[in-house]
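One is the number of the first residue; the rest follow in order along the sequence. Start at 1 and go down the list; that is how both ligands and their atoms are numbered.
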Amino acid sequence: MDRRRLGLALPALLLSTPLARPALAQGASLGSSLGSSLGLLARERGITFGAAVQGRFLAADPAYAAAFATDAALLVPEWEAKWAALQPEEGRFDTAPLDAILAWARQRGRLVRGHALVWHEAMPPWLEPALAEGRARAEGLLAAHMDRVLSHARNQIRDWDVVNEPIANPAGSDVPQAGDAMLRDTPWLRALGPGYVEMALRMARQRDPTLRLVINEYGIEEDTPDAAEKRRRLLALLRGLLERNTPLDAVGIQGHLQLVRPFTPAPFAAFLAELRQMGLAVLVTELDIRETAQAPQDMAARDALVAERAYAFVSTALEAGVRTFLTWGLSDRESWLVKEPAVALKDGRAHRGLPYDESWQRKPMWTALARAFQGGNG
Ligand code: G3I
């Protein structure tokens with residue numbers, strides 16, 4: 001990565017956030033020797049910027065590690081804190097990949113959030129059949145997983161996506177759900193019933209009263225009938241949980257935006273206002289931008305469309321009081337948008353939906369995020 005863009009240790013910058021955080025390691029530093037960094041620009045305005053990280057690249061790729069050292073005040077493991085990574089066989093836990101990320105973060109005074117304690121994907125092969133053996137079995141497995149994981153990461157991971165993607169997709173969505181169910185039909189719902197979301201939140205709170213507990217969801221950002229319906233379903237779930245005094249602190253809005261769908265600030269801002277009125281914090285947890293199959297040939301035009309959407313979305317969230325933003329990776333090269341055949345461009349091109357390109361050059365999306373963090377100036 002070009003040294004002009006590499007992060008060099010600036011005078012230690014202690015990162016803190018409004019929530020109780022562990023003591024940060026000495027030598028905490030963030031930023032770049034030339035030009036600022038997204039983490040620094042955000043921090044100057046009380047915003048936390050971070051990104052999803054893949055531990056294997058932190059260790060093996062100096063340019064990858066340098067970019068995270070420069071820009072990311074907050075990390076979320078893209079894989080290493082999921083069931084398939086943590087408990088590949090029943091009762092056998094493998095925390096080494098997660099511990100490597102935690103150590104890297106600790107050495108640099110960075111924060112780490114957890115993703116995800118309950119999700120219907122990234123399940124190890126043994127888990128779904130085990131959940132199907134009955135409610136008591138399923139509850140015991142969830143309790144044992146939380147016992148181990150939350151105690152292991154205590155005081156290092158201060159907020160978790162306790163339940164990821166619980167809401168059923170409306171009929172027209174990319175993964176439609178039959179009927180008008182509110183909750184997605186998952187092995188967790190089938191094993192534990194519709195109360196599984198509440199159960200998971202209560203289990204997490206019982207194990208660590210200091211944790212920030214988050215429900216994380218996608219497809220709730222854009223100005224479409226399906227997104228409006230999914231927002232309605234999520235709000236109904238949240239109201240029910242809060243009416244029953246369920247421990248819940250925040251909603252994670254994933255932010256996997258798609259240029260094929262319209263985004264207008266008003267409906268999204270209204271949704272954010274409703275969440276805030278419920279007393280919930282809001283994080284943007286997985287921001288990236290999927291181009292359309294008809295993306296322009298011209299690279300600058302493509303990057304301009306991505307940057308424009310990023311700016312509109314992030315500035316709307318900032319105006320509504322959101323102060324934590326993570327992108328789902330930093331560079332297009334490692335992006336799921338490029339690696340996942342189901343979402344990759346079919347003409348051989350690669351999505352350009354993250355702040356850096358595949359050669360670690362800052363893109364207009366990087367600048368758009370920086371401008372949004374600076375309040376639209378700069
Ligand atoms: O399976 C190997 C595993 O054996 C190995 O130890 C590990 C080493 O990193 O790699 C694993 O490979 C793949 C992994 O990504 C690599 O990071 C998995 O096969 C593959 O399924 C996994 O895909 C991830 C996917 O979630 C499922 O967990 C994507 O990278 C990740 O970007 C994607 O992220 C999700 C969020 O968690 C939730 N929101 C949507 C988002 C995009 O789908």
Side-chain angles (χ1 to χ4, degrees), residues 50-61 64-65 68 72 74-89 92-102 104 112-128 145 149 157 159-169 173-175 184 186-188 200 214-222 227 230 234 250-258 261 283-291 325-345 350-351 353-355:
V53 68
Q54 297 183 42
R56 56 189 162 153
F57 297 125
L58 265 192
D61 182 339
Y64 184 94
F68 276 82
L74 169 64
L75 305 179
V76 58
E78 189 164 344
W79 170 256
E80 295 78 0
K82 294 174 178 173
W83 269 79
L86 284 173
Q87 197 179 169
E89 291 143 33
R92 181 174 76 81
F93 288 85
D94 180 5
T95 59
L98 175 60
D99 290 344
I101 292 172
L102 295 176
W104 190 95
V112 181
R113 68 182 309 270
H115 170 84
L117 293 173
V118 174
W119 189 29
H120 55 278
E121 292 190 29
M123 297 172 79
W126 66 270
L127 181 57
E128 186 166 350
H145 190 78
V149 174
I157 294 181
D159 72 277
W160 275 91
D161 292 333
V162 176
V163 181
N164 191 44
E165 305 174 5
I167 300 299
N169 282 317
S173 298
D174 31 13
V175 182
R184 182 192 286 260
T186 72
W188 296 101
V214 185
I215 289 178
N216 193 44
E217 189 56 88
Y218 76 96
I220 50 178
E221 302 89 356
E222 283 140 341
K230 198 165 183 182
L234 177 59
V251 169
I253 294 179
Q254 291 187 10
H256 290 298
L257 306 180
Q258 300 188 35
R261 298 173 177 164
L283 307 81
V284 171
T285 53
E286 306 184 15
L287 177 61
D288 55 23
I289 295 169
R290 195 186 312 182
E291 298 179 77
F325 294 84
L326 299 103
T327 50
W328 202 240
L330 284 176
S331 155
D332 299 334
R333 191 177 55 181
E334 287 82 26
S335 172
W336 77 291
L337 293 173
V338 175
K339 303 224 186 279
E340 177 57 53
V343 300
L345 285 171
H351 285 294
L354 284 172

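Of all the atoms in ligand 1, the ones that sit under 4.0 Å from a non-hydrogen atom of Ala122 are 28 (O). Counting the atoms of ligand 1 from 1 in the order shown, those under 4.0 Å from a heavy atom of Glu286 are 36 (C), 38 (C), 39 (N), 40 (C), 41 (C). Near Arg56, the atoms of ligand 1 lying under 4.0 angstrom from a non-hydrogen atom of the residue are 9 (O), 16 (C), 17 (O). Here is the list of ligand 1 atoms found below 4.0 Å of a heavy atom in Glu165: 38 (C), 39 (N), 40 (C). Here is the list of ligand 1 atoms found below 4.0 Å of a heavy atom in Gln254: 39 (N), 40 (C).
Contact of the Asn169 side chain with the Arg184 side chain is registered, since non-hydrogen atoms from C-beta on lie closer than 4.5 Å. His115 has its side chain out of reach of Leu326: every pair of non-hydrogen atoms, C-beta onward, lies at least 4.5 Å apart. Counting heavy atoms from C-beta outward, Pro124 and Glu89 have side chains that stay 4.5 Å or more apart. No side-chain heavy atom of Leu287 sits less than 4.5 Å from a side-chain heavy atom of Phe325. Residues Asn216 and Gln254 meet the side-chain proximity criterion, which asks for heavy atoms closer than 4.5 Å. Using a 4.5 Å heavy-atom cutoff, the side chains of Val53 and Tyr64 are in contact.
Assignment of His256 to the shell around ligand 1 is supported, since a heavy atom sits closer than 4.0 Å. Not a single heavy atom of Glu80 sits less than 4.0 Å from an atom of ligand 1.
At a distance under 4.0 Å, a protein heavy atom can be found next to atom 14 (C) of ligand 1. Less than 4.0 angstrom separates atom 23 (O) of ligand 1 from none of the non-hydrogen atoms of the protein. Distance remark: protein heavy atom present below 4.0 angstrom from atom 39 (N) of ligand 1. Per-atom contact check: atom 28 (O) of ligand 1 touches the protein, criterion being a heavy-atom distance below 4.0 Å. The presence of a protein heavy atom under 4.0 Å from atom 19 (O) of ligand 1 is ruled out.
A donor-acceptor contact closer than 3.5 angstrom links the side chains of Glu165 and Trp119.
How far OG of Ser335 is from CD of Glu78: 7.5 Å, rounded to the nearest 0.5 Å. Distance CG/Leu283 to CG/Asp161: 8.0 Å, rounded to 0.5 Å. Atom CG of Leu98 and atom CZ of Phe93 lie 12.5 Å apart (nearest 0.5 Å). Distance check, rounded to the nearest 0.5 Å: CD of Glu80 to CG of Leu58 gives 8.5 Å.
Of all the heavy atoms of Lys339, none lies under 4.0 Å from any atom of ligand 1, so neither backbone nor side chain is involved. Looking at Asn164 against ligand 1, only its side chain comes within 4.0 Å, counting heavy atoms. Only side-chain heavy atoms of Trp119 come within less than 4.0 Å of ligand 1; its backbone N, CA, C and O stay farther off.
Polar contact check, Trp336 against ligand 1: no nitrogen or oxygen pair lies under 3.5 Å apart. Between Lys82 and ligand 1, at least one N/O pair is under 3.5 Å apart.
Ring geometry for Trp83 versus Trp188: interplanar angle of 30 to 60°, hence tilted.
The nearest protein atom to atom 32 (O) of ligand 1, hydrogens excluded, is given as Glu78 OE2, 2.5 Å; this is a heavy-atom distance. Ranking protein heavy atoms by distance to atom 34 (O) of ligand 1, first place goes to Trp328 NE1, 3.2 Å. Given atom 4 (O) of ligand 1, the protein heavy atom at minimum distance is Trp79 CZ2, 4.9 Å.
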